[in-house]
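Each chain gets a letter, A, B and so on, in the order its sequence line appears, and its residues count up from 1. On a predicted model such as this, the values are computed, not experimentally measured, just so you know.
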There are 2 protein chains.
Amino acid sequence: MLIGEYFHNLDTKGRVSIPSKFRDDLGGTFVLSKGVNDCLCAYSKEEWEGFKEELLGLRGADARMLRRFFFSGATECEIDTQGRVVIPPLYREYAGLGREVVIVGVSNCMEIWDKAAWEKYMQNPALESAEIENAMERLGL
Amino acid sequence: MLIGEYFHNLDTKGRVSIPSKFRDDLGGTFVLSKGVNDCLCAYSKEEWEGFKEELLGLRGADARMLRRFFFSGATECEIDTQGRVVIPPLYREYAGLGREVVIVGVSNCMEIWDKAAWEKYMQNPALESAEIENAMERLGL
DNA sequence: AAGGCTATGCTTATCGGTGAATATTTTCAT
DNA sequence: ATGAAAATATTCACCGATAAGCATAGCCTT
């Protein structure tokens with residue numbers, strides 16, 4: 001299971017070390033995709049396969065558009081012998097990654113954030129204890 | 001699996017480099033066909049066979065029309081020793097290809113778009129974050 | 001036969017990806 | 001606390017992919 005928060009650095013070639021605790025869950029190659037809040041989202045092959053089948057099962061014009069969106073916004077990544085992956089330039093740009101990034105485990109996927117963006121996001125008032133408590137209550141947790 | 005988005009240029013002779021990550025999946029020769037939404041669609045021989053069978057299995061007037069469209073609008077292409085293919089003039093014209101094109105992986109086929117047309121297509125309101133989040137929820141991501 | 005056209009291939013430059021080597025930091029067991 | 005091992009950071013050198021321009025060969029036209 002992918003959980004935790006890790007602070008890492010991109011090297012000058014745009015590579016980043018994957019937290020060693022994540023490597024077994026992710027596998028040697030995984031799928032990196034553009035996430036919803038200006039972050040990158042990495043799925044193990046198994047996770048991605050499930051999603052892919054769902055997408056391929058859809059029919060109609062909207063389905064074609066969704067397929068184009070999700071498949072075009074993803075790329076296969078391979079972890080090298082030193083535990084690193086290259087974040088392609090397009091993806092670095094999309095997520096606004098500087099040198100310092102944060103790698104976050106979200107149970108079934110791993111997210112990569114620019115450090116500043118992550119810290120800003122975590123300051124969101126919706127994440128204060130009271131709000132968290134409210135949300136939990138609404139969801140019956 | 002064909003995924004990702006690559007920005008390439010046609011040379012003055014109408015040739016374009018196929019992303020190196022796609023070459024294994026596509027094979028040395030593939031089938032280029034006119035796609036839906038003013039793009040070109042490239043299938044590996046295997047994928048094309050599947051598509052062909054699907055088309056041949058259909059009955060009725062619409063089916064006849066689709067068969068004429070897709071079979072007349074397809075041609076075999078060969079990747080040269082430098083990883084390029086010639087896009088015949090008719091196809092360049094059909095998809096409105098200028099110098100800058102985008103090559104998109106859509107899981108089972110590869111699409112070639114004029115850069116401007118692709119960017120316009122991807123601005124569709126149905127692809128705003130809220131819609132995407134809905135779609136992801138439905139698809140179990 | 002000469003000139004020009006087209007298709008194809010070759011060459012070079014640039015950029016990004018890859019792999020190795022080493023340094024540094026962290027973790028863990030003793 | 002200390003040392004060993006693992007994880008992460010950093011740098012360098014090399015290789016491969018792409019872009020662009022040029023060269024060659026075959027073919028058509030005149």
query = For the ring pair F30(A) and Y43(A), is the centre-to-centre distance below 6.0 Å?
reply = no

task = Report, as yes or no, whether the 6.0 Å neighbourhood of atom CD on E119(A) holds more than 12 heavy atoms from other residues, nucleotides or ligands.
result = yes

query = Taking atom types as they are modelled, is there a donor-acceptor pair under 3.5 Å from the base of dT8(C) to the side chain of K13(B)?
reply = yes

query = L10(B) near the nucleic acid: base, sugar-phosphate alone, or nothing, with a heavy-atom cut-off under 4.0 Å?
reply = nothing

key: Distance-minimising heavy-atom pair for C109(B) and A42(B)   = CB-O, 3.3 Å

key: Pair R84(B) + E78(B), salt bridge at N-O below 4.0 Å   = no

inquiry  = How many whole angstroms separate atom NE2 of H8(A) from atom C1' of dT25(C)?
reply    = 11 Å

inquiry  = What is the distance, to the nearest angstrom, from the CG atom on N9(B) to the C1' atom on dA13(C)?
reply    = 15 Å

inquiry  = So does M1(A) get a backbone contact from the side chain of D25(A), meaning a donor-acceptor N/O pair under 3.5 Å?
reply    = yes

inquiry  = In this structure, how many angstroms lie between the C1' atom of dG16(C) and the CD atom of E93(A), rounded?
reply    = 14 Å

inquiry  = Regarding L90(A), tell me which of base, sugar-phosphate or nothing describes its non-hydrogen contacts under 4.0 Å with the strands shown.
reply    = nothing

Heavy-atom donor-acceptor pair, R84(A) side-chain to dG17(C) base, under 3.5 Å = no

message = Rounded to whole Å, how long is the line connecting atom CG of D11(B) with atom C1' of dT6(C)?
response = 13 Å

Under-3.5 Å donor-acceptor pair between R15(A) side chain and dG16(C) base = no

ask   = If only atom types and distance count, is the side chain of R67(B) paired as donor or acceptor with the main-chain N or O of L55(B) below 3.5 Å?
value = yes

Segment of DNA chain D, first to last nucleotide, that comes within the 4.0 Å heavy-atom reach of chain B = dA17(D) to dA23(D)

